[in-house]
Amino acid sequence: MIWRLAYNLLIHLGLPLALLALYKPKRGKPGFGARWAEHLGRVPPTGQEAPLWIHAVSVGETLAITPLIRALKAERPDLPILLTTTTRTGADQAAKLGELVEHRYAPLDYPWAVAAFLRRVRPRALWVMETELWPNWLAACARQRLPVSIINARLSERSCRRYARFQGAFDTLSRPLTHLYCQHQDDAERFARLGIDRERLAVTGSIKFDMQLSDEVVAGGRALRHSFGERPVWIAASTHQGEDEQVLAAHRRVLATYPQALLILVPRHPQRFDQVATLCATEGMPCARRSRGEQPGDETRVYLGDTMGELPLMLGAADVAFVGGSLVGVGGHNLLEPAALGKPCLTGPAYFNFSDITRQLLEQKGAEVVADAEALGRCVNRLLGDGAGRRAMGEQARAVVLLNQGALARTLSLGLAALADE
(Lines give C-alpha, C1' and ligand atoms only; values in the text may rest on other atoms or scores of the structure.)
Protein backbone atom coordinates (compact mmCIF):
# COMPACT_ATOMS: atom_id res chain seq x y z
CA MET A 1 0.00 0.00 0.00
CA ILE A 2 1.43 3.34 -1.08
CA TRP A 3 -0.09 5.19 1.88
CA ARG A 4 1.54 2.76 4.33
CA LEU A 5 4.91 3.24 2.67
CA ALA A 6 4.51 7.02 2.86
CA TYR A 7 3.38 6.79 6.49
CA ASN A 8 6.36 4.65 7.49
CA LEU A 9 8.77 6.93 5.67
CA LEU A 10 7.40 9.96 7.50
CA ILE A 11 7.45 8.38 10.96
CA HIS A 12 11.01 7.16 10.50
CA LEU A 13 12.12 10.62 9.36
CA GLY A 14 10.38 11.98 12.44
CA LEU A 15 11.81 9.41 14.87
CA PRO A 16 14.29 11.84 16.48
CA LEU A 17 11.49 14.34 17.10
CA ALA A 18 9.21 11.63 18.51
CA LEU A 19 11.91 10.46 20.90
CA LEU A 20 12.70 14.04 21.90
CA ALA A 21 9.04 14.74 22.71
CA LEU A 22 8.77 11.53 24.72
CA TYR A 23 12.04 11.68 26.63
CA LYS A 24 13.00 15.36 26.88
CA PRO A 25 13.33 16.15 30.59
CA LYS A 26 10.85 18.68 31.92
CA ARG A 27 10.42 20.00 35.41
CA GLY A 28 7.81 17.90 37.22
CA LYS A 29 7.66 15.34 34.41
CA PRO A 30 8.69 11.86 35.58
CA GLY A 31 11.11 10.01 33.32
CA PHE A 32 11.06 6.43 32.08
CA GLY A 33 14.38 5.40 33.63
CA ALA A 34 15.87 2.13 32.46
CA ARG A 35 12.56 1.11 30.87
CA TRP A 36 12.92 3.50 27.90
CA ALA A 37 13.74 0.63 25.51
CA GLU A 38 10.26 -0.85 25.96
CA HIS A 39 8.92 1.85 23.63
CA LEU A 40 11.10 0.27 20.94
CA GLY A 41 9.67 -3.21 21.50
CA ARG A 42 12.46 -4.43 23.76
CA VAL A 43 10.27 -5.58 26.63
CA PRO A 44 11.43 -7.94 29.37
CA PRO A 45 9.59 -11.27 29.66
CA THR A 46 6.20 -11.05 31.32
CA GLY A 47 6.10 -14.60 32.67
CA GLN A 48 2.66 -14.93 31.11
CA GLU A 49 1.37 -17.41 28.56
CA ALA A 50 -0.87 -15.93 25.86
CA PRO A 51 -2.00 -12.89 27.86
CA LEU A 52 -4.87 -10.62 26.94
CA TRP A 53 -3.16 -7.41 25.85
CA ILE A 54 -5.03 -4.29 26.99
CA HIS A 55 -3.77 -0.87 25.93
CA ALA A 56 -4.61 2.40 27.70
CA VAL A 57 -2.48 5.28 26.46
CA SER A 58 -2.27 7.43 29.61
CA VAL A 59 -3.60 7.99 33.11
CA GLY A 60 -7.18 8.91 32.10
CA GLU A 61 -7.64 5.81 29.98
CA THR A 62 -6.01 3.65 32.65
CA LEU A 63 -8.39 4.97 35.29
CA ALA A 64 -11.33 4.31 32.95
CA ILE A 65 -10.31 0.73 32.13
CA THR A 66 -9.49 -0.20 35.75
CA PRO A 67 -13.05 -1.22 36.78
CA LEU A 68 -13.30 -3.42 33.67
CA ILE A 69 -9.99 -5.12 34.49
CA ARG A 70 -11.12 -5.79 38.06
CA ALA A 71 -14.43 -7.22 36.86
CA LEU A 72 -12.66 -9.29 34.21
CA LYS A 73 -10.28 -10.81 36.75
CA ALA A 74 -13.20 -11.56 39.08
CA GLU A 75 -14.85 -13.53 36.27
CA ARG A 76 -11.66 -15.04 34.88
CA PRO A 77 -9.00 -15.11 37.63
CA ASP A 78 -6.93 -17.47 35.48
CA LEU A 79 -6.71 -15.02 32.58
CA PRO A 80 -3.29 -13.33 32.35
CA ILE A 81 -3.55 -9.62 31.50
CA LEU A 82 -0.78 -7.46 30.07
CA LEU A 83 -1.60 -3.77 30.41
CA THR A 84 0.39 -1.32 28.30
CA THR A 85 0.53 2.45 28.50
CA THR A 86 2.51 5.01 26.55
CA THR A 87 3.08 7.53 29.34
CA ARG A 88 4.81 7.30 32.70
CA THR A 89 1.77 8.70 34.52
CA GLY A 90 -0.28 5.90 32.97
CA ALA A 91 2.32 3.40 34.20
CA ASP A 92 2.11 4.82 37.72
CA GLN A 93 -1.66 4.39 37.65
CA ALA A 94 -1.32 0.83 36.31
CA ALA A 95 0.97 -0.02 39.23
CA LYS A 96 -1.99 0.47 41.57
CA LEU A 97 -3.57 -2.67 40.08
CA GLY A 98 -0.86 -4.73 41.71
CA GLU A 99 -0.82 -8.40 40.76
CA LEU A 100 -3.98 -8.17 38.65
CA VAL A 101 -1.86 -7.20 35.63
CA GLU A 102 1.64 -7.10 34.28
CA HIS A 103 2.61 -3.66 32.94
CA ARG A 104 4.85 -2.82 30.02
CA TYR A 105 5.25 0.33 27.94
CA ALA A 106 3.60 0.05 24.54
CA PRO A 107 5.76 -0.06 21.42
CA LEU A 108 5.81 3.03 19.27
CA ASP A 109 4.17 2.49 15.88
CA TYR A 110 7.31 1.37 14.01
CA PRO A 111 7.03 -2.01 12.25
CA TRP A 112 10.19 -3.38 13.84
CA ALA A 113 9.20 -2.23 17.34
CA VAL A 114 5.72 -3.75 17.09
CA ALA A 115 7.12 -7.00 15.67
CA ALA A 116 9.67 -7.28 18.50
CA PHE A 117 6.95 -6.64 21.09
CA LEU A 118 4.62 -9.28 19.65
CA ARG A 119 7.41 -11.86 19.39
CA ARG A 120 8.16 -11.45 23.08
CA VAL A 121 4.60 -11.17 24.42
CA ARG A 122 2.59 -13.47 22.10
CA PRO A 123 -0.84 -12.20 23.22
CA ARG A 124 -4.13 -13.98 22.52
CA ALA A 125 -6.04 -10.76 21.71
CA LEU A 126 -5.73 -6.98 21.92
CA TRP A 127 -8.24 -4.67 23.60
CA VAL A 128 -7.64 -0.95 22.97
CA MET A 129 -9.22 1.64 25.23
CA GLU A 130 -10.96 4.20 22.99
CA THR A 131 -10.35 4.72 19.29
CA GLU A 132 -6.58 4.72 19.01
CA LEU A 133 -5.82 3.23 15.59
CA TRP A 134 -2.14 2.77 14.74
CA PRO A 135 -1.45 1.44 11.22
CA ASN A 136 1.56 -0.76 12.04
CA TRP A 137 -0.03 -2.15 15.20
CA LEU A 138 -3.10 -3.19 13.24
CA ALA A 139 -1.14 -4.54 10.27
CA ALA A 140 0.99 -6.70 12.59
CA CYS A 141 -2.10 -7.98 14.38
CA ALA A 142 -3.68 -8.85 11.03
CA ARG A 143 -0.62 -10.83 9.96
CA GLN A 144 -0.75 -12.83 13.18
CA ARG A 145 -4.56 -13.15 13.05
CA LEU A 146 -4.75 -11.48 16.42
CA PRO A 147 -8.29 -10.31 17.29
CA VAL A 148 -8.50 -6.59 18.01
CA SER A 149 -11.38 -5.03 19.97
CA ILE A 150 -11.91 -1.32 20.60
CA ILE A 151 -13.39 -0.53 24.03
CA ASN A 152 -15.37 2.71 24.47
CA ALA A 153 -15.10 3.32 20.72
CA ARG A 154 -16.06 6.77 19.60
CA LEU A 155 -15.95 8.63 16.29
CA SER A 156 -16.81 12.29 15.94
CA GLU A 157 -18.53 13.62 12.84
CA ARG A 158 -15.41 15.59 11.97
CA SER A 159 -13.19 12.48 12.22
CA CYS A 160 -15.71 10.46 10.22
CA ARG A 161 -15.59 12.97 7.36
CA ARG A 162 -11.80 13.06 7.50
CA TYR A 163 -11.56 9.26 7.26
CA ALA A 164 -14.10 9.26 4.41
CA ARG A 165 -11.74 11.38 2.31
CA PHE A 166 -9.25 8.51 2.53
CA GLN A 167 -11.70 5.63 2.36
CA GLY A 168 -9.22 3.13 0.89
CA ALA A 169 -6.71 3.76 3.65
CA PHE A 170 -9.44 3.50 6.30
CA ASP A 171 -10.65 0.20 4.85
CA THR A 172 -7.16 -1.25 5.18
CA LEU A 173 -6.66 0.26 8.62
CA SER A 174 -9.96 -1.01 10.03
CA ARG A 175 -9.95 -4.49 8.49
CA PRO A 176 -8.21 -6.14 11.50
CA LEU A 177 -10.81 -4.74 13.93
CA THR A 178 -12.97 -7.64 15.07
CA HIS A 179 -15.22 -5.79 17.54
CA LEU A 180 -16.00 -2.13 18.19
CA TYR A 181 -17.88 -1.54 21.45
CA CYS A 182 -19.27 1.96 20.81
CA GLN A 183 -20.14 4.56 23.38
CA HIS A 184 -23.22 5.83 21.54
CA GLN A 185 -25.49 4.88 18.67
CA ASP A 186 -24.19 7.92 16.76
CA ASP A 187 -20.67 6.49 16.96
CA ALA A 188 -21.84 3.13 15.62
CA GLU A 189 -23.68 4.81 12.74
CA ARG A 190 -20.58 6.76 11.75
CA PHE A 191 -18.44 3.60 11.76
CA ALA A 192 -21.11 1.90 9.63
CA ARG A 193 -21.04 4.82 7.17
CA LEU A 194 -17.34 4.15 6.77
CA GLY A 195 -18.02 0.54 5.84
CA ILE A 196 -17.58 -1.31 9.14
CA ASP A 197 -19.82 -4.39 9.06
CA ARG A 198 -22.65 -4.06 11.56
CA GLU A 199 -21.91 -7.49 13.04
CA ARG A 200 -18.64 -6.01 14.27
CA LEU A 201 -20.45 -3.10 15.96
CA ALA A 202 -22.17 -3.01 19.34
CA VAL A 203 -23.43 -0.06 21.39
CA THR A 204 -22.41 -0.63 25.01
CA GLY A 205 -22.30 2.90 26.38
CA SER A 206 -19.26 4.47 27.99
CA ILE A 207 -17.59 2.51 30.78
CA LYS A 208 -16.40 5.85 32.14
CA PHE A 209 -19.86 6.23 33.67
CA ASP A 210 -19.15 3.09 35.73
CA MET A 211 -16.31 4.74 37.61
CA GLN A 212 -15.80 3.56 41.16
CA LEU A 213 -15.02 6.29 43.68
CA SER A 214 -13.90 4.51 46.82
CA ASP A 215 -15.32 5.27 50.25
CA GLU A 216 -11.81 6.34 51.20
CA VAL A 217 -11.74 8.99 48.48
CA VAL A 218 -15.22 10.27 49.37
CA ALA A 219 -14.35 10.41 53.08
CA GLY A 220 -11.03 12.10 52.29
CA GLY A 221 -12.80 14.80 50.28
CA ARG A 222 -15.20 15.47 53.13
CA ALA A 223 -12.34 15.67 55.62
CA LEU A 224 -10.46 18.12 53.41
CA ARG A 225 -13.59 20.24 53.01
CA HIS A 226 -14.04 20.24 56.80
CA SER A 227 -10.46 21.46 57.24
CA PHE A 228 -11.26 24.55 55.17
CA GLY A 229 -13.95 25.65 57.63
CA GLU A 230 -17.10 27.52 56.64
CA ARG A 231 -15.56 29.49 53.79
CA PRO A 232 -16.94 28.97 50.24
CA VAL A 233 -14.76 26.65 48.13
CA TRP A 234 -14.67 26.13 44.37
CA ILE A 235 -12.28 24.17 42.19
CA ALA A 236 -10.74 24.71 38.75
CA ALA A 237 -9.54 21.25 37.70
CA SER A 238 -7.18 20.20 34.88
CA THR A 239 -6.34 23.73 33.79
CA HIS A 240 -3.96 24.51 30.92
CA GLN A 241 -1.52 27.20 29.85
CA GLY A 242 -3.44 30.41 29.23
CA GLU A 243 -6.38 29.24 31.33
CA ASP A 244 -5.02 29.80 34.83
CA GLU A 245 -4.95 33.55 34.25
CA GLN A 246 -8.65 33.44 33.35
CA VAL A 247 -9.47 31.32 36.38
CA LEU A 248 -7.65 33.75 38.70
CA ALA A 249 -9.50 36.66 37.09
CA ALA A 250 -12.76 34.82 37.79
CA HIS A 251 -11.64 34.19 41.37
CA ARG A 252 -10.98 37.90 41.82
CA ARG A 253 -14.63 38.50 40.92
CA VAL A 254 -15.68 35.79 43.41
CA LEU A 255 -13.57 37.37 46.15
CA ALA A 256 -15.31 40.71 45.59
CA THR A 257 -18.54 39.01 46.68
CA TYR A 258 -17.14 36.37 49.04
CA PRO A 259 -13.88 37.72 50.53
CA GLN A 260 -13.07 34.44 52.29
CA ALA A 261 -13.64 32.23 49.25
CA LEU A 262 -10.98 29.61 48.49
CA LEU A 263 -10.05 28.41 45.01
CA ILE A 264 -8.59 24.92 44.64
CA LEU A 265 -6.47 25.17 41.50
CA VAL A 266 -5.27 21.91 39.91
CA PRO A 267 -3.13 22.30 36.75
CA ARG A 268 -3.40 19.43 34.29
CA HIS A 269 0.35 18.87 33.87
CA PRO A 270 2.78 18.52 36.78
CA GLN A 271 5.55 20.37 34.96
CA ARG A 272 3.44 23.52 35.33
CA PHE A 273 2.96 23.36 39.12
CA ASP A 274 5.80 25.78 39.94
CA GLN A 275 4.81 28.10 37.10
CA VAL A 276 1.23 28.34 38.40
CA ALA A 277 2.45 28.94 41.96
CA THR A 278 4.53 31.84 40.65
CA LEU A 279 1.52 33.14 38.72
CA CYS A 280 -0.60 33.13 41.90
CA ALA A 281 2.08 35.18 43.70
CA THR A 282 2.32 37.61 40.78
CA GLU A 283 -1.46 38.04 40.78
CA GLY A 284 -1.45 38.81 44.52
CA MET A 285 -3.23 35.57 45.44
CA PRO A 286 -1.56 34.02 48.52
CA CYS A 287 -1.19 30.33 47.77
CA ALA A 288 -0.84 27.17 49.89
CA ARG A 289 0.70 24.14 48.17
CA ARG A 290 -0.62 20.69 48.97
CA SER A 291 2.67 19.03 48.00
CA ARG A 292 4.34 20.85 50.90
CA GLY A 293 1.65 20.01 53.42
CA GLU A 294 0.69 23.69 53.72
CA GLN A 295 -2.72 24.41 55.24
CA PRO A 296 -4.65 27.38 53.83
CA GLY A 297 -5.01 30.12 56.41
CA ASP A 298 -7.44 33.03 56.53
CA GLU A 299 -5.29 35.02 54.11
CA THR A 300 -4.88 32.14 51.64
CA ARG A 301 -6.82 32.66 48.44
CA VAL A 302 -5.62 29.65 46.40
CA TYR A 303 -4.98 26.06 47.42
CA LEU A 304 -2.70 24.60 44.75
CA GLY A 305 -3.38 20.91 44.09
CA ASP A 306 0.17 20.16 42.98
CA THR A 307 0.10 16.41 43.61
CA MET A 308 -0.69 13.48 41.35
CA GLY A 309 -3.68 11.14 41.69
CA GLU A 310 -5.62 13.27 44.18
CA LEU A 311 -8.01 15.09 41.85
CA PRO A 312 -11.12 13.12 42.99
CA LEU A 313 -10.32 14.03 46.60
CA MET A 314 -9.94 17.70 45.64
CA LEU A 315 -13.22 17.63 43.74
CA GLY A 316 -14.92 16.15 46.78
CA ALA A 317 -13.79 19.12 48.86
CA ALA A 318 -15.36 21.76 46.57
CA ASP A 319 -18.83 23.28 46.43
CA VAL A 320 -18.64 24.04 42.68
CA ALA A 321 -16.43 22.44 40.02
CA PHE A 322 -15.06 24.02 36.85
CA VAL A 323 -13.25 21.60 34.51
CA GLY A 324 -10.51 23.10 32.39
CA GLY A 325 -9.12 22.67 28.92
CA SER A 326 -12.34 24.34 27.88
CA LEU A 327 -11.55 28.07 28.07
CA VAL A 328 -8.67 27.38 25.69
CA GLY A 329 -8.75 25.29 22.53
CA VAL A 330 -7.75 21.98 24.13
CA GLY A 331 -11.22 20.46 23.88
CA GLY A 332 -12.07 20.12 27.55
CA HIS A 333 -11.76 17.26 30.02
CA ASN A 334 -14.17 14.75 31.46
CA LEU A 335 -16.95 16.09 33.71
CA LEU A 336 -17.87 12.67 35.04
CA GLU A 337 -15.79 12.74 38.22
CA PRO A 338 -17.35 15.91 39.64
CA ALA A 339 -20.76 14.76 38.37
CA ALA A 340 -20.40 11.40 40.14
CA LEU A 341 -19.58 13.30 43.35
CA GLY A 342 -22.76 15.36 42.98
CA LYS A 343 -21.02 18.64 42.17
CA PRO A 344 -22.51 21.31 39.91
CA CYS A 345 -20.29 21.24 36.81
CA LEU A 346 -19.02 24.21 34.81
CA THR A 347 -17.16 24.09 31.51
CA GLY A 348 -15.93 26.56 28.96
CA PRO A 349 -17.24 26.52 25.38
CA ALA A 350 -14.39 24.34 23.99
CA TYR A 351 -15.59 20.96 25.27
CA PHE A 352 -15.55 19.14 21.92
CA ASN A 353 -13.46 16.20 23.20
CA PHE A 354 -16.31 15.22 25.52
CA SER A 355 -19.31 16.56 23.64
CA ASP A 356 -21.65 13.60 24.26
CA ILE A 357 -21.13 13.49 28.03
CA THR A 358 -21.24 17.27 28.36
CA ARG A 359 -24.37 17.52 26.22
CA GLN A 360 -26.21 15.06 28.46
CA LEU A 361 -25.21 17.01 31.57
CA LEU A 362 -26.29 20.27 29.96
CA GLU A 363 -29.65 18.87 28.89
CA GLN A 364 -30.37 17.65 32.42
CA LYS A 365 -29.26 20.92 34.03
CA GLY A 366 -26.31 19.28 35.76
CA ALA A 367 -23.78 21.51 33.99
CA GLU A 368 -23.46 25.00 32.55
CA VAL A 369 -21.22 26.52 29.88
CA VAL A 370 -19.36 29.72 30.76
CA ALA A 371 -18.02 31.78 27.88
CA ASP A 372 -15.10 33.51 29.59
CA ALA A 373 -13.54 34.53 32.90
CA GLU A 374 -16.24 37.10 33.63
CA ALA A 375 -19.02 34.56 33.06
CA LEU A 376 -17.17 31.97 35.15
CA GLY A 377 -16.88 34.33 38.11
CA ARG A 378 -20.50 35.38 37.78
CA CYS A 379 -21.71 31.76 37.65
CA VAL A 380 -19.60 30.67 40.63
CA ASN A 381 -20.94 33.61 42.64
CA ARG A 382 -24.51 32.66 41.82
CA LEU A 383 -24.05 29.03 42.80
CA LEU A 384 -22.18 29.82 46.01
CA GLY A 385 -25.06 32.08 47.01
CA ASP A 386 -27.81 29.58 46.24
CA GLY A 387 -27.39 26.45 48.35
CA ALA A 388 -30.63 24.81 47.23
CA GLY A 389 -29.96 25.50 43.55
CA ARG A 390 -26.38 24.32 43.87
CA ARG A 391 -27.41 21.04 45.49
CA ALA A 392 -30.16 20.47 42.91
CA MET A 393 -27.69 21.01 40.05
CA GLY A 394 -25.26 18.59 41.65
CA GLU A 395 -27.94 15.94 42.06
CA GLN A 396 -28.92 16.33 38.41
CA ALA A 397 -25.30 15.79 37.45
CA ARG A 398 -25.13 12.65 39.59
CA ALA A 399 -28.40 11.38 38.09
CA VAL A 400 -26.89 11.52 34.58
CA VAL A 401 -24.00 9.32 35.74
CA LEU A 402 -26.32 6.79 37.39
CA LEU A 403 -28.65 6.68 34.38
CA ASN A 404 -25.77 5.77 32.05
CA GLN A 405 -24.20 3.07 34.17
CA GLY A 406 -24.19 -0.51 32.96
CA ALA A 407 -21.71 -0.17 30.09
CA LEU A 408 -19.11 -2.08 32.05
CA ALA A 409 -21.35 -5.13 32.42
CA ARG A 410 -22.33 -5.03 28.72
CA THR A 411 -18.73 -4.64 27.59
CA LEU A 412 -17.55 -7.42 29.89
CA SER A 413 -20.24 -9.82 28.67
CA LEU A 414 -19.45 -9.19 24.99
CA GLY A 415 -15.70 -9.27 25.59
CA LEU A 416 -15.80 -12.57 27.44
CA ALA A 417 -17.98 -14.07 24.73
CA ALA A 418 -15.49 -12.91 22.08
CA LEU A 419 -12.57 -14.41 24.01
CA ALA A 420 -14.40 -17.73 24.28
CA ASP A 421 -14.85 -17.78 20.48
CA GLU A 422 -11.21 -16.98 19.70
Side-chain angles (χ1 to χ4, degrees), residues 59-71 74 89 92-98 100 206-238 261-266 268 288 290-291 293 295-296 303-324 333-347 354 357 360-361 364-367 380 383-384 387-409:
V59 63
E61 292 80 7
T62 306
L63 281 167
I65 202 72
T66 290
L68 181 63
I69 290 174
R70 294 189 184 280
T89 51
D92 291 343
Q93 188 62 43
K96 297 178 182 179
L97 285 164
L100 291 179
S206 172
I207 64 173
K208 291 185 175 181
F209 284 101
D210 289 275
M211 65 176 58
Q212 299 171 348
L213 294 170
S214 69
D215 293 340
E216 181 182 3
V217 166
V218 173
R222 288 175 180 161
L224 183 61
R225 179 66 181 89
H226 181 73
S227 74
F228 296 150
E230 298 299 318
R231 63 198 303 181
V233 180
W234 70 288
I235 186 171
S238 298
L262 181 68
L263 164 66
I264 303 175
L265 182 55
V266 187
R268 177 71 174 180
R290 182 168 178 81
S291 64
Q295 277 296 111
Y303 188 54
L304 186 61
D306 56 348
T307 56
M308 295 298 292
E310 291 194 308
L311 180 57
L313 183 145
M314 304 284 181
L315 289 165
D319 302 314
V320 178
F322 165 77
V323 178
H333 294 292
N334 203 335
L335 298 176
L336 286 183
E337 278 187 326
L341 288 162
K343 306 298 177 180
C345 301
L346 305 178
T347 179
F354 295 90
I357 290 170
Q360 289 187 62
L361 287 165
Q364 298 303 316
K365 311 299 183 186
V380 171
L383 290 168
L384 291 178
R390 183 174 70 245
R391 287 188 291 272
M393 186 175 173
E395 286 305 311
Q396 287 298 102
R398 195 204 313 267
V400 170
V401 176
L402 295 176
L403 181 66
N404 283 277
Q405 288 183 343
L408 189 151

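Start at 1 with the first residue, then count along the sequence.
Evaluation of the side-chain hydrogen bond (donor to acceptor under 3.5 Å, both in side chains) rule for Gln405 yields no partner, not counting sequence neighbours. Not counting sequence neighbours, the partners of Asn404 by the side-chain hydrogen bond (donor to acceptor under 3.5 Å, both in side chains) test are Gln360. For Arg390, there are no salt bridge (Lys or Arg N to Asp or Glu O under 4.0 Å) partners, not counting sequence neighbours. Partners of Thr347 under the side-chain hydrogen bond (donor to acceptor under 3.5 Å, both in side chains) rule, at least two apart in sequence or in another chain, are Ser326. Evaluation of the side-chain hydrogen bond (donor to acceptor under 3.5 Å, both in side chains) rule for Glu310 yields Arg290, Thr307 as partners, not counting sequence neighbours.
Closest heavy-atom contact between Cys345 and Met393: O-CE, 3.5 Å. When all heavy atoms of Pro344 and Leu383 are compared, the pair lying nearest together is CB-CD1, 4.3 Å. Between Leu361 and Ala339, the shortest heavy-atom contact is CD2-CB, 4.1 Å. Met314 approaches Ile264 most closely through the heavy-atom pair O-CD1, 3.8 Å. Nearest heavy atoms, Pro312 versus Leu341: O-CD1, 3.6 Å. In terms of heavy atoms, Leu213 sits closest to Val218 at O-CG2, 4.3 Å.
The line from CD1 of Ile357 to NE2 of His333 is 13.0 Å long, rounded to the nearest 0.5 Å. Here the CD atom belonging to Glu216 is positioned 9.0 Å from the CG atom belonging to Leu313, to the nearest 0.5 angstrom.
Inter-residue side-chain proximity for Leu403 and Phe209 is flagged as unmet; no heavy-atom pair is nearer than 4.5 Å. Using a 4.5 Å cut-off on side-chain heavy atoms (C-beta onward), Leu311 and Ser238 make contact. Asp210 places none of its side-chain heavy atoms less than 4.5 Å from the side chain of Pro67.
Ring geometry for Tyr303 against Phe228 counts as perpendicular: the plane angle is over 60°, on a 0 to 90° scale with 30° as the lower cut.
Not a single donor-acceptor pair under 3.5 Å links the side chain of Gln364 to the backbone N or O of Gln396.
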Worked verdict on Asn334 versus Val323 for side chain to side chain contact (heavy atoms under 4.5 Å, CB included): CA-CA 8 Å; Asn334 203 335; Val323 178; over 6 Å; no
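The salt bridge (charged side-chain N to carboxylate O under 4.0 Å, His left out) analysis of residues 219-229, with sequence neighbours excluded, yields the pairs Arg225-Asp319.
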